[in-house]
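As the structure lists them, so they are numbered: ligands from 1, and atoms in each ligand from 1. We number each residue from 1, following the sequence as shown. This structure is a prediction, so every number in the text was calculated from the model and none was measured.
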Amino acid sequence: MARIGFLGVGTISEAMVRAMAGREGHDDQIFLSPRSQERSSRLADEFPSCLRCESNQAVIDASEIVVLGMRPQQLDEALEGLVFRDDQVIASLIAGTPPSGIAPLVAPAHRVCQLIPLPAIALRRGPLVISPPIPEVVAALAGLGEIVTLDDESLIRTLSCASAFMSTYYEMQNALIAWIVEQGIDEETASRYVRAELDGLAAVGLATRDAERLALPMEHQTKGGLNERVRAQLLASGWFGTLIDAIDSTYRGARLR
Ligand SMILES: NC(=O)c1ccc[n+]([C@@H]2O[C@H](COP(=O)([O-])OP(=O)(O)OC[C@H]3O[C@@H](n4cnc5c(N)ncnc54)[C@H](OP(=O)(O)O)[C@@H]3O)[C@@H](O)[C@H]2O)c1
């Protein structure tokens, strides 16, 4: 049984709490900071394992693992005056500040890691980066998705930037649905078709052995077929290069605290 506190109960903390509290085989106690009153009260009402505390300090005092779930610009003010213990583990959700940047703010606690969950964590799906992989945190978050660990915090930025593909993915989904509708199929059918297609592709992508991953494009097209024609046109137009250029320039422009 882990005692996990959340300082900052916003969008991503709620997704994590819901995923954790609804898990089979875990008997965690989850302590919530009082801000975002409606959200933290709703979680505490819904899940017997969640307790909304009276103050941020009460969350820290009750917890073995403290998750920092506020926005980067709220961090300094939120931590001011709080007292951590040296036996506590800190797991930070704060984008752009690596564990070494968080450590001075939470001393004497000195075991600090960064978490990068994606919104799909609410469904216990998708990657969950833990860097460095502090064993208590890895154990406490088991089952929340595909846990990906990084020993070297300087590599966190690479995976953060690779995840900057999410809104583009949904833009692509919507564009495909809109095209089907333009051809005369009703929106509900188009939407169900495309979303099920993408779900199937992602499932095959994840289930395929890594050694066979590079063959997937060829396995999903036949010579002279529709898939081959679309992919060839996109390759010729530099579509994939444009995508990677956008990710790469975002990576190069990203600043660490
Ligand atoms: N959203 C994502 O998909 C995602 C994914 C990975 C990482 N992250 C990171 O996770 C962090 C939170 O993102 P978010 O999207 O969940 O933001 P959010 O919805 O704005 O949540 C921030 C939360 O922090 C609370 N807060 C602010 N100051 C506080 C204080 N002094 N004491 C206690 N709580 C305080 C806010 O309360 P009030 O509402 O009362 O102001 C709010 O509940 C960010 O650092 C972000 O970089 C987000």
Side-chain angles (χ1 to χ4, degrees), residues 4-21 30-46 50-63 65-84 90-103 105-106 112-131 137 141 144-150 153 155-171 247 250-251 253-257:
I4 304 174
F6 283 79
L7 286 184
V9 186
T11 308
I12 198 69
S13 292
E14 174 171 7
M16 283 186 70
V17 168
R18 288 189 172 282
M20 291 171 76
I30 300 174
F31 303 96
L32 306 175
S33 59
R35 275 189 50 169
S36 286
Q37 185 185 343
E38 200 188 315
R39 195 193 292 262
S40 48
S41 301
R42 197 173 55 229
L43 287 169
D45 288 345
E46 214 172 306
C50 290
L51 179 72
R52 180 171 176 263
C53 297
E54 282 180 4
S55 66
N56 288 350
Q57 188 61 53
V59 172
I60 297 171
D61 294 344
S63 305
I65 298 173
V66 180
V67 178
L68 305 181
M70 61 289 294
R71 293 186 191 172
Q73 61 273 27
Q74 298 168 323
L75 177 69
D76 291 324
E77 189 190 326
L79 296 188
E80 204 179 319
L82 295 177
V83 180
F84 291 87
I90 311 299
S92 167
L93 289 165
I94 317 289
T97 305
S100 59
I102 297 289
L105 306 175
V106 296
V112 182
C113 64
Q114 179 156 5
L115 307 177
I116 316 177
L118 301 184
I121 198 168
L123 304 174
R124 296 188 207 103
R125 301 280 296 270
L128 169 58
V129 175
I130 306 179
S131 175
V137 177
L141 302 185
L144 294 194
E146 190 77 22
I147 292 187
V148 175
T149 62
L150 288 177
E153 70 171 31
L155 299 176
I156 293 171
R157 192 162 65 115
T158 307
L159 294 186
S160 294
C161 290
S163 75
F165 175 64
M166 291 190 292
S167 59
T168 303
Y169 172 90
Y170 290 116
E171 190 70 46
I247 299 277
T250 303
Y251 172 78
R255 290 271 165 273
L256 288 184
R257 182 176 162 127

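Nearest heavy-atom pair, V137 versus I130, reported as atom, atom and distance to 0.1 Å: CG1-CG2, 4.1 Å. Considering every non-hydrogen atom in both A78 and N56, the closest pair reads O-ND2, 4.2 Å. When all heavy atoms of L43 and C50 are compared, the pair lying nearest together is O-CB, 3.9 Å. Contact record, P72 with I94: CA-CG2, 3.7 Å, taken as the closest heavy-atom pair. Taking every heavy atom of both residues into account, C53 and P34 meet most closely at O-CB, 3.4 Å.
The protein non-hydrogen atom at the shortest distance from atom 6 (C) of ligand 1 is P117 O, 3.3 Å. Of the protein's non-hydrogen atoms, N56 ND2, 2.9 Å is the one closest to atom 32 (N) of ligand 1. Looking only at heavy atoms of the protein, atom 41 (O) of ligand 1 is closest to R35 NH2, 2.8 Å. In terms of protein heavy-atom proximity, atom 45 (O) of ligand 1 is nearest to M70 O, 2.7 Å. The closest protein non-hydrogen atom to atom 8 (N) of ligand 1 is L93 O, 3.7 Å. Looking at atom 21 (O) of ligand 1, its nearest protein heavy atom turns out to be G10 CA, 3.2 Å. The protein heavy-atom contact nearest to atom 15 (O) of ligand 1 is T11 CB, 3.9 Å.
In A15, neither the side chain nor the backbone holds a heavy atom less than 4.0 Å from any atom of ligand 1. If you look at L75 next to ligand 1, there are no close heavy atoms at all, none under 4.0 Å.
Short contacts between ligand 1 and A78, defined as distances under 4.0 Å to a heavy atom of the residue, involve ligand atoms 30 (C), 31 (N). Every atom of ligand 1 with a heavy atom of I94 under 4.0 Å away is listed here by number and element: 45 (O). Below 4.0 Å from some heavy atom of P119 lie the following atoms of ligand 1, by number and element: 3 (O). With ligand atoms numbered from 1 in the order given, ligand 1 contributes 44 (C), 45 (O) to contacts under 4.0 Å with heavy atoms of P72. The contact set between ligand 1 and A95, taken as ligand atoms under 4.0 Å from a residue heavy atom, comprises 45 (O), 47 (O).
Taking only nitrogen or oxygen atoms, main chain and side chain alike, V9 reaches within less than 3.5 Å of ligand 1.
In summary, of the residues considered (V59, L32, L75), a side-chain contact (heavy atoms from CB on, under 4.5 Å) with L7 occurs for V59 alone. Of the options I90, V112, V106, L82, a side-chain contact (heavy atoms from CB on, under 4.5 Å) to V66 is made by I90 and by none of the others.
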Which atom pairs, one a donor and one an acceptor, fall under 3.5 Å between side chains of residues 10-21 and the rest of the protein, sequence neighbours left out?
unit_1	atom_1	unit_2	atom_2	d
S13	OG	G8	O	2.8
E14	OE1	R39	NH1	2.6
E14	OE1	R42	NH2	3.4
E14	OE2	R18	NE	2.8
E14	OE2	R18	NH2	3.2
E14	OE2	R42	NH2	3.4
R18	NH1	E46	OE2	2.7
R18	NH2	E46	OE1	3.0

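The residue from G8, S36, S55, G69 that puts a heavy atom closest to atom 22 (C) of ligand 1 is G69. Of the candidates L118, I12, L115, V129, it is I12 that places a heavy atom closest to atom 1 (N) of ligand 1.
Under the side-chain hydrogen bond (donor to acceptor under 3.5 Å, both in side chains) criterion, S100 pairs with E153, not counting sequence neighbours.
Shown here is Y170, whose OH atom has no more than 12 heavy atoms of other residues, nucleotides or ligands within 6.0 Å. The neighbour count for E38 CD, taken as heavy atoms of other residues, nucleotides or ligands under 6.0 Å away, does not exceed 12.
Proximity of R71 to ligand 1 is established by a heavy-atom distance of less than 4.0 Å.
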